[in-house]
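Notes follow once the structure below has been shown.
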Amino acid sequence: MSLTSTGTWQGLEFGIVAYSDDGMVAVRGEYSPEMIELLESGSAPQLEVVESGRAGVVGDLPWSEMSDFSTAMTDLPLPRPDTR
């Protein structure tokens, strides 16, 4: 099973990676035209673009400014036995 938590900030959905005691959450977001616009406007200095691996943005956002929280549980496939 995989558990994924998400929340919305400035109208964009972010995956929640970790929570901290200071009221911030570590997040990861998809790289989209809307995200590029947000970054270029200077409205999200706490987010940075990640080019390695899966492109997107990462950073810390204030928990109090996020909304529309959800958690989804997903079945992961079981490893198949090696049949060599």
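We're numbering straight along the sequence, starting at 1.
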Sequence neighbours excluded, which residues qualify as side chain to side chain donor-acceptor pair (under 3.5 Å) partners of Asp22?
Ser20
Among residues at least two apart in sequence or on other chains, which ones pass side chain to side chain contact (heavy atoms under 4.5 Å, CB included) with Phe69?
Ile16, Trp63, Met66
Give, for atom OH of Tyr19 and atom CE of Met24, the distance between the pair rounded to the nearest 0.5 Å.
14.0 Å
Tightest non-hydrogen contact, residues Val17 and Val27, listed as CG2-C, 4.0 Å
Rounded to the nearest 0.5 angstrom, the CD-CD distance for Gln10 and Glu65 is 7.5 Å
Test of understanding: with side chain to side chain contact (heavy atoms under 4.5 Å, CB included), list the residues that count as partners of Glu37, not counting sequence neighbours.
none
Using only heavy-atom distances, determine whether the side chains of Ser32 and Glu34 contain a donor-acceptor pair under 3.5 Å.
yes
With side chains defined as the heavy atoms from C-beta onward, is the minimum distance between Asp68 and Thr6 less than 4.5 Å?
no
Which atom of Ser41 lies closest to which atom of Leu38, heavy atoms considered:
OG-O, 2.7 Å
Do Thr71 and Ser5 have side-chain N/O donor and acceptor atoms under 3.5 Å apart?
yes
Kindly indicate, with the supporting measurements, whether the criterion side-chain contact (heavy atoms from CB on, under 4.5 Å) is fulfilled by Leu47 and Trp9.
CA-CA 12 Å; Leu47 298 176; Trp9 184 77; 4.2 Å; yes
